[in-house]
Amino acid sequence: MQLSTAPAVSRRRRGNPDSQGLLGVLSVCATLLQLCAGCPSACVCNSLDVNCSGRSLVSVPGLTSLPEGTHTLNLTNNRLSSLPVSTFANLSTLETLDLSNNYLDNLPSRLFRELSNISDLSLRNNSLTVLDRELFRGLTQLRRLDLSLNGLAVVPLGLLDELQGLTWLSLAGNRFHALERATFEPLINLQHLELGMNPWECDCNLRDFKHWMEWLIYRGGYVDAVECTLPKDLRGRDIRGVPVEMFNYCLQLDDENGGTKGGSPPCVRATAASSEGAVVELPDCVKQRYRPVSVRRAIGTVVIAGVVCGIVCIMMVAAAAYGCIYASLMAKYQRELKKRQPLMGDVEAEADAEEKQISSVA
């Protein structure tokens with residue numbers, strides 16, 4: 001009996017590792033099935049990365065079934081032309097979103113409003129011509145933004161206000177003729193800016209932005225070549241190398257136009273009364289929150305300082321000349337005084353001798 005029971009016990013012991021391995025395989029299969037069940041059919045899900053690129057998609061597949069905690073979503077090289085405002089709802093864990101190489105021409109306001117953790121956003125090579133100023137509202141964690149190779153001509157004032165953590169920005173390959181300095185001043189941490197392949201007009205409208213670029217470079221940032229297309233005498237030149245004296249004529253234009261460029265009136269936030277008697281703020285006026293430094297005031301300060309320094313220098317030269325003349329006169333006087341001293345001694349000796357003779361006679 002003992003001999004018959006021993007092999008059975010040994011078989012049971014050898015079977016335990018097999019059962020544990022089977023359980024491990026089943027658990028892995030269950031995990032994979034769960035991931036596949038949460039992945040759109042047009043995409044490939046790998047851990048926390050979802051790749052839907054190159055599928056000729058004309059609409060975004062249902063993203064509500066993405067694996068929980070997805071960090072990266074790739075929608076490049078498709079045929080997307082529009083996106084519903086709720087496309088990226090409930091994707092607060094998303095950190096990287098790539099929409100490049102599509103046909104997007106209009107993005108709804110606050111499309112990315114729920115992407116509070118997004119750090120890298122690419123809209124490269126689309127058909128964007130206008131950006132809503134509320135588009136990037138709330139994206140405080142954004143560090144990299146690519147808007148290159150589109151048809152943008154204007155960056156709306158306020159579009160970048162909440163992107164203070166942005167370090168990398170590309171606006172290359174668009175239709176920019178000029179940019180407003182006030183639009184970019186909130187980007188206090190920007191280190192890399194690409195502006196090439198744009199038809200820049202290096203006139204007074206680009207003067208203040210040139211000053212801002214110089215400030216960015218001064219604090220260690222990088223700006224690629226900004227080549228002028230107009231005027232003809234500056235065509236092909238990088239505006240960063242154009243002397244600031246080339247823009248002196250802008251000061252005269254400002255004076256002739258009443259202190260404004262192009263003759264347009266300054267922005268004054270006016271109000272108007274509606275038919276119901278309520279006061280309505282005019283929407284065409286944009287508040288100037290970031291005012292560039294007045295060049296005329298700086299030049300005036302330099303001129304006044306130069307005049308004061310010149311007067312002080314003249315006074316110092318006059319004082320030095322007076323001191324030299326006075327010293328020379330005193331030296332001359334001392335020399336003449338020394339020459340006269342022996343003669344005065346002889347006269348006094350003769351006077352003493354005469355007094356002695358008179359006293360002896362008496």
Side-chain angles (χ1 to χ4, degrees), residues 72 76 95-101 112 115 117-126 128 131 133 135-136 139-230 234-247 250 289-293 295 298:
T72 302
T76 63
E95 297 179 0
T96 301
L97 176 59
D98 196 340
L99 291 165
S100 58
N101 300 329
F112 309 112
L115 303 181
N117 289 314
I118 193 77
S119 61
D120 190 337
L121 176 60
S122 178
L123 294 166
R124 175 183 173 87
N125 195 18
N126 279 278
L128 299 173
L131 296 177
R133 60 177 300 177
L135 184 61
F136 302 132
L139 306 186
T140 57
Q141 302 299 319
L142 194 62
R143 298 293 180 267
R144 183 184 176 95
L145 177 61
D146 193 346
L147 295 170
S148 60
L149 299 180
N150 282 280
L152 299 173
V154 177
V155 178
L157 186 65
L159 177 71
L160 308 175
D161 280 4
E162 296 191 13
L163 306 185
Q164 298 182 5
L166 199 68
T167 60
W168 193 96
L169 174 63
S170 178
L171 297 172
N174 281 280
R175 299 177 182 176
F176 294 113
H177 298 283
L179 291 172
E180 291 290 336
R181 171 177 179 166
T183 306
F184 294 84
E185 287 190 337
L187 304 180
I188 57 177
N189 291 305
L190 190 66
Q191 293 295 322
H192 185 101
L193 178 62
E194 296 183 357
L195 298 170
M197 297 183 294
N198 280 287
W200 300 109
E201 296 182 3
C202 300
D203 55 11
C204 297
N205 294 321
L206 200 59
R207 177 189 59 181
D208 293 335
F209 186 74
K210 168 183 164 61
H211 294 163
W212 180 83
M213 285 192 298
E214 293 172 348
W215 170 80
L216 176 62
I217 296 172
Y218 173 77
R219 64 181 180 89
Y222 167 82
V223 181
D224 65 347
V226 182
E227 295 185 357
C228 305
T229 56
L230 291 175
L234 294 179
R235 180 174 297 172
R237 292 188 59 180
D238 189 342
I239 192 175
R240 296 174 302 174
V242 177
V244 69
E245 288 77 14
M246 295 287 292
F247 295 92
C250 299
R289 289 164 295 173
Y290 307 98
R291 298 189 61 186
V293 179
V295 179

Atom [atom1] of [X] and atom [atom2] of [Y]: how far apart are they, to the nearest 0.5 Å?
X    : Y    : atom1 : atom2 : answer
S148 : L128 : OG    : CG    : 10.5 Å
D120 : L145 : CG    : CG    : 9.0 Å
L147 : L135 : CG    : CG    : 8.5 Å
L166 : Q191 : CG    : CD    : 11.0 Å
L97  : T72  : CG    : OG1   : 9.5 Å
R207 : R181 : CZ    : CZ    : 10.5 Å

Under 4.5 Å between any side-chain heavy atoms of [X] and [Y], yes or no?
X    : Y    : result
L230 : R235 : yes
F112 : L121 : yes
S122 : D98  : yes
D238 : W200 : no
P199 : H177 : yes
L131 : V155 : no
V226 : M213 : yes

Can any side-chain N or O of [X] pair as donor or acceptor with the backbone N or O of [Y] at less than 3.5 Å?
X    : Y    : result
S119 : E95  : yes
T167 : R143 : yes
D161 : R133 : no
D146 : S100 : no
R240 : V223 : yes
N126 : L99  : yes

Tell me the closest heavy-atom pair linking L216 and L190, and the distance in Å.
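Result for this residue pair: CD1-O, 3.3 Å.
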What closest approach, in Å, do L139 and L163 show between heavy atoms, and which atom pair accounts for it?
O-CD2, 3.3 Å
Worked check of side chain to side chain contact (heavy atoms under 4.5 Å, CB included) between L195 and L179
CA-CA 10 Å; L195 298 170; L179 291 172; 4.1 Å; yes
ring-ring contact (aromatic ring centres under 6.0 Å, His included) with F209: which residues, sequence neighbours excluded?
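Scan of F209 (ring-ring contact (aromatic ring centres under 6.0 Å, His included), adjacent residues dropped) gives F184, W212.
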Side-chain donor-acceptor pair under 3.5 Å between N198 and N174, yes or no?
no
Does any pair with a residue in residues 213-227 pass side chain to side chain donor-acceptor pair (under 3.5 Å), and if so which ones, sequence neighbours excluded?
K210-E214
Residue pairs involving residues 189-201 (criterion salt bridge (Lys or Arg N to Asp or Glu O under 4.0 Å); sequence neighbours excluded)
none
